[in-house]
Each structure stands twice: as C-alpha cells, then as structure tokens.
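These numbers come from a predicted model, not from an experiment.
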Amino acid sequence: MSWLHPLIRGTNPIGTIVAFPYGGGGLNALNFLAKGVPPGLDVWGVLLPGRPGRWQEPAATRMDQVVPPIVATLKALPRRPLVLAGHSLGAAIAHAVAETLTREGRPPLGLVVSGRRAPHLPPNRPPVWELDDAGLDQELRHLGGTPPEVLADRDLMDLMRPLLRADFTLSDSYRVAAPAPLPLDLVALAGDADTTVTVDEVAAWETVQAHSFQRQTMKGGHFFIQENPDDYVRLIHSLFLKNALAASSTGEPLS
C-alpha cells in the first residue's frame with residue numbers, strides 16, 4: 001500500500017509539495033497541481049484507500065485511520081522544505097497531518113487550506129452521510145464539482161456512494177475544539193460564491209497559526225480550485241518559494 005504518489009519529480013529537488021484530495025477524489029483530481037511547477041520541486045499526491053489504485057481497501061471514516069500512515073510516509077522522505085495543500089476534506093486531513101508533524105518536531109513550512117471552515121468551528125449542516133441516496137445526490141449537486149453525467153449514471157453512483165458516504169463521515173466529523181497554533185505560514189482560500197463554506201468560516205483559520213496568516217477570496221463556488229486552477233497553483237508555488245528562501249536565509253532546519 002502506498003499513500004504517496006509522485007505527480008512530478010524535480011531535478012535535484014530542493015523541496016516538496018504534498019496535495020490532499022477533496023471528498024471522492026483520487027490522484028486524477030490532483031494532476032493539475034503538477035502544471036507550471038518551478039524547477040527543483042517534487043509534487044506528491046496523497047492516495048486514500050477506496051480510490052483507483054486502492055479499490056480493494058475500505059474507505060476511511062476516521063482521521064486516526066489516515067493520519068499516522070501519511071505522517072510516517074512523509075517522515076521517510078528526504079528532509080526538505082514541505083508545503084501541504086488540501087481542499088475541503090483534503091484541507092482537514094492536511095491540517096491533522098500538520099498538527100501531528102508539529103508535535104513530532106517536524107512542522108511543515110506552509111499549509112494551504114481551501115473550501116474548508118476552520119477546524120474549531122462546529123458543523124454548519126446536518127450530517128450528510130445520514131442522508132438517503134436522493135438526499136446525498138442532491139447535496140452533491142449543491143456542492144458542484146460532480147459532472148451531471150456522473151450524477152445521472154445510476155450504476156456509477158451506486159458504486160460511488162459508499163466512498164462518498166465514508167468521505168463525508170471523515171470530513172464532517174473532523175473538529176478540533178482548541179487547535180494549537182502552528183508555527184508555519186498558513187494560507188486560507190474561500191470561494192466568493194461558495195454557499196457551503198462562508199468567507200468568515202475560512203477567515204477563522206487565522207486562530208490556527210502562530211507565524212503568518214493570509215486569506216484570499218477567489219472567484220467561484222465550492223470547487224473554485226477547478227474554476228481557477230492556474231491561480232491556485234501559482235499561490236501554492238509562491239508560498240513554497242517564500243518559505244524555502246526564508247528558511248535558507250536564516251539557517252533554520254527544514255521540515
């Protein structure tokens with residue numbers, strides 16, 4: 001079983017970006033992050049169980065099923081500057097991984113979270129995984145991001161719903177009542193037309209950092225990263241380069 005898969009490998013890499021998929025997403029949902037990568041960066045995608053490549057494994061419903069093996073895999077990589085990036089469910093997992101790495105003395109240099117309320121905020125909707133099939137499909141239409149032809153394919157949806165229910169369980173149950181401030185650069189992104197996660201809920205991520213915080217609002221709904229992929233990628237790359245240059249200039253140990 002492999003939790004990390006390379007999206008692009010840099011020549012003589014000086015740093016690493018690790019991307020976490022949103023609910024229902026596999027590596028194909030992360031491939032766009034490899035476009036326009038500056039030389040010297042490795043970009044890895046997290047492959048969660050229940051996706052293509054790990055179909056035979058049950059999808060996770062708890063953070064303690066995914067965070068420890070991801071952390072162990074990251075700690076086995078060469079020690080270079082590290083930026084974690086995740087959208088929606090991916091943001092929650094990325095935050096949980098960043099917290100664990102920090103506790104173990106290996107904090108990442110940066111964390112990019114998008115389309116996700118701050119981890120200390122309570123859920124803003126009833127549990128999605130408890131909905132019947134029609135209700136689940138309606139929630140997917142409301143979120144956007146799922147092609148209409150997929151929602152219209154009854155057989156495909158019958159195959160996908162168990163994974164989606166597991167992902168909603170994992171996502172909606174993640175809450176940290178008093179998250180410890182993280183010693184890293186944190187960037188939180190919101191969609192200006194996102195009706196499921198408000199700009200204020202994204203802005204509340206500011207309480208989670210102890211170094212620097214930046215919030216940006218981008219055009220689009222919940223899946224604004226699909227609508228503005230180039231802007232999203234440029235932001236992640238610039239955050240990495242800023243952190244890497246700062247670390248190298250101060251002589252601080254790299255994650």
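Taking 4.5 Å as the limit, every side-chain heavy atom of Val43 sits out of range of all side-chain heavy atoms of Pro6. Val197 is not listed as a side-chain neighbour of Arg116, based on a closest heavy-atom distance of 4.5 Å or more. Val187 places none of its side-chain heavy atoms less than 4.5 Å from the side chain of Val113. By the 4.5 Å heavy-atom criterion applied to side chains, Leu7 and Trp44 are not counted as neighbours. Two residues are said to be in side-chain contact when any heavy atoms from C-beta on lie closer than 4.5 Å; Glu99 and Val67 fail this criterion. You'll find the side chain of Asp137 reaches within 4.5 Å of the side chain of Met157, heavy atoms only. For the pair Arg54/Leu48, no side-chain contact is recorded, criterion being any heavy-atom separation below 4.5 Å from C-beta on. No side-chain heavy atom of Ile17 sits less than 4.5 Å from a side-chain heavy atom of Leu33.
Remark: the Arg175 side chain and the Ser173 side chain contain no N/O donor-acceptor pair separated by less than 3.5 Å. The closest side-chain donor-acceptor pair between Thr198 and Asp200, if any, does not fall under 3.5 angstrom.
Partners of Lys35 by side-chain contact (heavy atoms from CB on, under 4.5 Å), not counting sequence neighbours: none found.
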Determine, stepwise, if the pair His95 / Leu84 fulfils side chain to side chain contact (heavy atoms under 4.5 Å, CB included). CA-CA 8 Å; His95 173 256; Leu84 309 179; over 6 Å; no
Go through the steps to decide whether Phe168 and Leu140 satisfy the test side chain to side chain contact (heavy atoms under 4.5 Å, CB included), and finish with yes or no. CA-CA 11 Å; Phe168 275 119; Leu140 294 174; 4.1 Å; yes
Output, in order, the C-alpha distance, side-chain angles, deciding distance and verdict of side chain to side chain contact (heavy atoms under 4.5 Å, CB included) for Leu189 and Arg215. CA-CA 6 Å; Leu189 306 176; Arg215 179 184 63 79; over 6 Å; no
Kindly determine whether Leu74 and Val18 satisfy side chain to side chain contact (heavy atoms under 4.5 Å, CB included), including the steps that lead there. CA-CA 9 Å; Leu74 289 175; Val18 174; 3.6 Å; yes
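Note on Asp167 versus Arg51: salt bridge recorded, some NZ/NE/NH1/NH2 to OD/OE distance being below 4.0 Å. In summary, Arg80 and Asp42 engage in a salt bridge, as defined by a charged side-chain N under 4.0 Å from a carboxylate O.
Of the possible polar contacts, none joining the Arg117 side chain to the Val202 backbone as a donor-acceptor pair under 3.5 Å is found. The main-chain N or O of Ala188 is never found under 3.5 Å from a side-chain atom of Gln214 such that the two would form a donor-acceptor pair. Glu104 places no side-chain N or O within 3.5 Å of a backbone atom of Leu101 that could act as its donor or acceptor partner. At least one donor-acceptor pair closer than 3.5 Å links the side chain of Ser2 to the backbone N or O of Leu4. At distances below 3.5 Å, at least one donor-acceptor pair connects side-chain atoms of Gln65 with backbone N or O atoms of Arg62. With hydrogens and angles disregarded, a donor-acceptor distance shorter than 3.5 Å links the side chain of Asp192 to the backbone of Gly220. Judged by distance alone, with hydrogens and angles left aside, the side-chain atoms of Asp153 form a donor-acceptor pair with the main-chain N or O of Leu156 at under 3.5 Å. Between the side chain of Asp185 and the main chain of His211, no donor-acceptor pair closer than 3.5 Å is present. Using modelled atom types, no side-chain atom of Trp3 and backbone atom of Val71 make a donor-acceptor pair closer than 3.5 Å.
Of all heavy-atom pairs spanning Ile225 and Ser114, the tightest one is CG2-OG, 4.0 Å. Between Val208 and Pro179, the closest heavy-atom pair is CG2-CG, 4.0 Å. What you find for Gly24 and Leu164 is that their closest heavy atoms are CA-CD2, 3.9 Å. Heavy-atom minimum distance, Pro49 versus Ala60: CG-N, 4.3 Å. Across all their heavy atoms, Ala98 and Pro108 have their closest contact at CB-CG, 4.0 Å. Contact detail for Leu111 and Ala94: the closest heavy-atom pair is CD1-CB, 3.8 Å.
Hydrophobic clustering, with ILVMFWY side chains joined whenever heavy atoms are under 4.5 angstrom apart, groups Leu143 together with Met160. Linking Ile, Leu, Val, Met, Phe, Trp and Tyr whenever their side-chain heavy atoms come within less than 4.5 Å puts Leu184 and Phe213 in one cluster. Both Tyr22 and Val150 are part of a single hydrophobic cluster, where members link through side-chain heavy atoms under 4.5 Å apart. Note on Tyr174 and Leu121: separate hydrophobic clusters, where clusters join Ile, Leu, Val, Met, Phe, Trp and Tyr whose side-chain heavy atoms are under 4.5 Å apart, directly or indirectly. Using a 4.5 Å cut-off between side-chain heavy atoms of Ile, Leu, Val, Met, Phe, Trp and Tyr, with links allowed through other members, Leu235 and Ile8 fall into the same hydrophobic cluster.
The ring pair (Phe, Tyr, Trp, His ring centres under 6.0 Å) analysis of residues 50-92, with sequence neighbours excluded, yields the pairs His87-His222, His87-Phe223, His87-Phe224.
With rounding to the nearest 0.5 Å, the separation of CZ in Arg9 from CG in Leu41 is 12.0 Å. The CD atom of Gln216 sits 9.0 Å away from atom CG of Asp231, with the distance rounded to the nearest 0.5 Å. Atom CD of residue Glu227 and atom CE of residue Met218 lie 9.5 Å apart, to the nearest 0.5 angstrom. Expressed to the nearest 0.5 Å, how far CE of Met63 lies from OG of Ser171 amounts to 7.0 Å. Atoms CG and OG1, from Asp194 and Thr217 in turn, are 10.5 Å apart once rounded to the nearest 0.5 Å. Atom CZ of Arg106 and atom OG1 of Thr100 lie 13.0 Å apart (nearest 0.5 Å).
A side-chain contact (heavy atoms from CB on, under 4.5 Å) with Val46 is found for exactly one of Thr73, Ile93, Ile70, namely Ile70.
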